[in-house]
Amino acid sequence: MRLSQSFTRTTHGVPADEQSRNAKLLIKAGYIHKEMAGVYVLLPLGLRVIEKIKQIVREEMNAIDGQELQMSSLQRKELWQKTDRWDDKEVDIWFKSKLRNGSEVGLAWSHEEPIVDMLKNFISSYRDLPVYVYQFQTKLRNEIRAKSGILRTREFIMKDMYSLSRTADEHEAFYQRAIEAYHKVFKRIGIDDKTFFTFASGGAFTQFSHEFQTLLASGEDTVYLDEIKKRAINAEVMSDEVASSLSLDKAKLEKVTVAEVGNIFNFGTTKAEQLGLQFSDKAGQKQPVFLGSYGIGITRLMGVVAELFADDKGLVWPEAVAPYQVHLIALSGSQAKKSAEALYDQLTTAGVEVIYDDRGDSAGKMFADADLLGAPIRLVVSEKSLAAGGYEIKHRKQETAKIVPVDSIVDILRR
RNA sequence: CGGGGAGUAGCGCAGUCUGGUAGCGCACCGCGUUUGGGACGCGGGGGUCGCAGGUUCAAAUCCUGUCUCCCCGACCA
């Protein structure tokens, strides 16, 4: 990608009303644009980060037999009435609208009801189960107050997975696989060492639901953490009894601020019973399906990562989610320009993701922008580097640069 | 929804008290000089002053209404 052709640009200032660190960084660097309170546009760079995160999640969900699909955003009122979640008194974040014929439709804030109902068309026998489906979807929620940049918005992308199992045991086995898959996702993204399995309020069916909470000063949740055991208890359910029931020593728990990046829970058979999702067992008897739900906040993850990996100069993306791996700068000088052009073609052809700063701005401006955009590796081509025998390479996380020979650059970057 | 703050160029702001040609910085355009850490000179373009109504010879400024945004709280993937 040539910066000279990019329609986005970096800025010094950000809107005064934007307070959160993640949104300030992402807006300054041109990753997102604020459309209105709690609603952000994903600009090309931001979209690439989102796609990187989605791909990691997709691979791990596929690895535990998830089947990807995409539900609709317009939803039927009748479905939500069956589970008593249509009324604004029950769910206060609904956006609703009407069809031309006057009938009401809901704008998707969740997809549990529709996905369960849809699956009724395909699930009829124990032979059809278990099934694991998931999607990446835009959720629309009429939040009372959006805040914390892209951490709490009215429109956001979420991965939601649903497990349909025949028995409680079968459900539990998958639940454990999902927990492992979640840790793999967070590990690949680079935040697993700061992300903790957390016990939170359950429902009618189970005592607890489980959250994946990432240590973050600007997070919105509070948990009590045992960093050795890597377990936490959400403040909303914290008590002596809960701590001891989980074999955690209350005295050793540390109260910390976190951001919720994942949430999984067990519906038991209640949702299936309400919506009539049943299967015939071996004896021909109708049985309700055991349902589990597994969410990951995709856009929120981008905000968490942006905030966690940044310094006073800008973003410092982990390789796995960086929009581009290399930031190539051509400094002034006809030979440097020529070499940089050739290098850009060479790397792009080799499949290396490159941001190429071919704008010819002042060196300081280009260096500052490279730091702000946060690609893991910076390459500089200048008369000076060429005279020294090649290109200058510097990692975003490091202070020092070194010269690599022209011949070996592609091999070094491909790894 | 309670408390607080703010709407003037893409962004950041001054001007409002005391009505009288709508300004500054960044960004943008042109020319030239620059180019290893956010360069400089000269010249330029860009505004229904959130919206509606009222007072007045005259409203960004005064009055009334209204909309929106932000922060704190409660709530929440």
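All figures in this text were calculated on a predicted structure; none of them were measured in a lab. Naming: A, B, ... by sequence-line order, numbering from 1 per chain.
- When heavy atoms are screened at a 4.0 angstrom cut-off, A:Leu151 is found touching base atoms of the nucleic acid.
- Searching all strands for a Watson-Crick or G-U wobble partner of B:G20 with both distances below 3.5 Å returns B:C57.
- Both distances falling under 3.5 Å, in either a Watson-Crick or a G-U wobble arrangement, occur for no nucleotide opposite B:A74.
- For the pair A:Phe367 CZ and B:G37 P, the computed distance is 7 Å after rounding to whole Å.
- A sub-4.0 Å separation between OP1 or OP2 of B:A39 and a side-chain N or O of A:Ser362 is present.
- Atom name P, nucleotides B:G4 and B:C57: the rounded distance is 38 Å, in whole Å.
- Residue A:Asp160 is classed as having no contact, given no heavy-atom separation below 4.0 Å to the nucleic acid.
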For nucleotides 43-49 of chain B, list the nitrogen or oxygen atoms of the protein found under 3.5 Å from its nitrogen or oxygen atoms, one pair per line.
none

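- Distance noted for atom P between B:U61 and B:U21: 13 Å (whole Å).
- Following rounding to the nearest Å, A:Ile93 (CD1) and B:C1 (P) show an atom-to-atom distance of 17 Å.
- At the heavy-atom level, A:Asp221 lies nowhere under 4.0 Å from the strands shown.
- At a threshold of 4.0 angstrom between heavy atoms, the contacts of A:Val261 with the nucleic acid are absent.
- Proximity note for A:Ser332 (side chain, C-beta onward) versus B:U35, B:C76, B:G38: the nearest is B:U35.
- Looking at heavy-atom distances under 4.0 Å, A:Thr10 makes contact with a base.
- When the C1' atom is used for both B:G47 and B:C63, the distance is 25 Å, rounded to whole Å.
- Using cut-offs of 30° and 60° for the angle between ring planes, the A:Trp317 and A:Tyr31 rings count as tilted.
- A:Tyr324 carries A:Arg48 over the face of its six-membered ring, with the cationic atom under 6.0 Å from the centre and within 45° of the normal.
- Taking atom CD of A:Glu90 as the reference point, atom P of B:C76 lies 14 Å away to the nearest angstrom.
- You'll find the ring centres of A:Phe174 and A:Phe290 outside the 6.0 Å limit.
- One C1' atom belongs to B:A39, the other to B:G3, and the distance between them is 47 Å to the nearest Å.
- Closest to the A:His12 side chain, of the nucleotides B:A77, B:C28, B:G38, is B:G38.
- Salt-bridge formation is not detected for the pair A:Arg76/A:Glu113: no Lys NZ or Arg NE/NH1/NH2 atom is positioned less than 4.0 Å from an Asp or Glu carboxylate oxygen.
- Counting only N and O atoms by type, the side chains of A:Gln176 and A:Glu180 include no donor and acceptor under 3.5 Å apart.
- In this structure, A:Glu392 reaches the bases: a heavy-atom distance under 4.0 Å links it to at least one base atom across the strands shown.
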B/S/- contact track for nucleotides 66-73 of chain B, protein heavy atom under 4.0 Å: ---SSSBB
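- Nearest-nucleotide positions on RNA chain B place A:Arg9 closer to the 5' end than the other of A:Arg300 and A:Arg9.
- A gap of 15 Å separates the P atoms of B:A60 and B:U8, to the nearest Å.
- Put simply, CG on A:Leu3 is 18 Å from P on B:G38, counting in whole angstrom units.
- By the neighbour-count criterion of 12 heavy atoms within 6.0 Å, atom NZ of A:Lys397 is sparsely surrounded, having that number or fewer from other residues, nucleotides or ligands.
- Using bins of under 30°, 30° to 60° and over 60° for the plane-to-plane angle, the ring pair A:Trp94/A:Trp80 lands in the perpendicular bin.
- Atom NZ of A:Lys28 and atom P of B:C26 are 17 Å apart (whole Å).
- Nucleotides B:A6 and B:G46 have their P atoms positioned 31 Å apart, rounded to a whole Å.
- Note: CZ (A:Phe7) to P (B:G10) measures 17 Å, nearest angstrom.
- With the nearest nucleotide of RNA chain B identified for both A:Glu220 and A:Ser385, A:Ser385 has the one nearer the 5' end.
- Looking at residues two or more places apart in sequence or on another chain, you find a ring pair (Phe, Tyr, Trp, His ring centres under 6.0 Å) between A:Phe265 and A:Phe267.
- The distance between the ring centers of A:Tyr162 and A:Tyr132 does not fall below 6.0 angstrom.
- Comparing the same atom, C1', in B:G23 and in B:U34 gives a spacing of 30 Å after rounding to whole Å.
- A:Asp345 and A:Tyr356 are not linked by any side-chain donor-acceptor pair at a separation below 3.5 angstrom, with hydrogens and angles left out of the test.
- Nucleotide B:U33 forms a pair with B:A39, judged by Watson-Crick or G-U wobble geometry with both contacts under 3.5 Å.
- With both pairing distances under 3.5 Å, B:A52 is matched to B:U64 as a Watson-Crick or G-U wobble pair.
- You can call A:Phe156 stacked on the base of B:A77; the centres are under 5.5 Å apart and the planes sit within 30°.
- Using modelled atom types and a 3.5 Å distance limit, the side chains of A:Thr269 and A:Glu273 yield a donor-acceptor pair.
- The CD-C1' distance, from A:Glu260 to B:C75, rounds to 14 Å in whole Å.
- Counting to the nearest Å, the P atom of B:G38 and the CG atom of A:Leu373 are 17 Å from each other.
- B:G20 and B:G5 are spaced 26 Å apart, taking the P atom of each and rounding to whole Å.
- Of the residues listed (A:Thr214, A:Leu315, A:Asn22, A:Ile191), the one engaging A:Val305 in a side-chain contact (heavy atoms from CB on, under 4.5 Å) is A:Ile191, and it is the only one.
- Taking only distance into account, the side chain of A:Asp371 meets the base of B:G37 through a donor-acceptor pair shorter than 3.5 Å.
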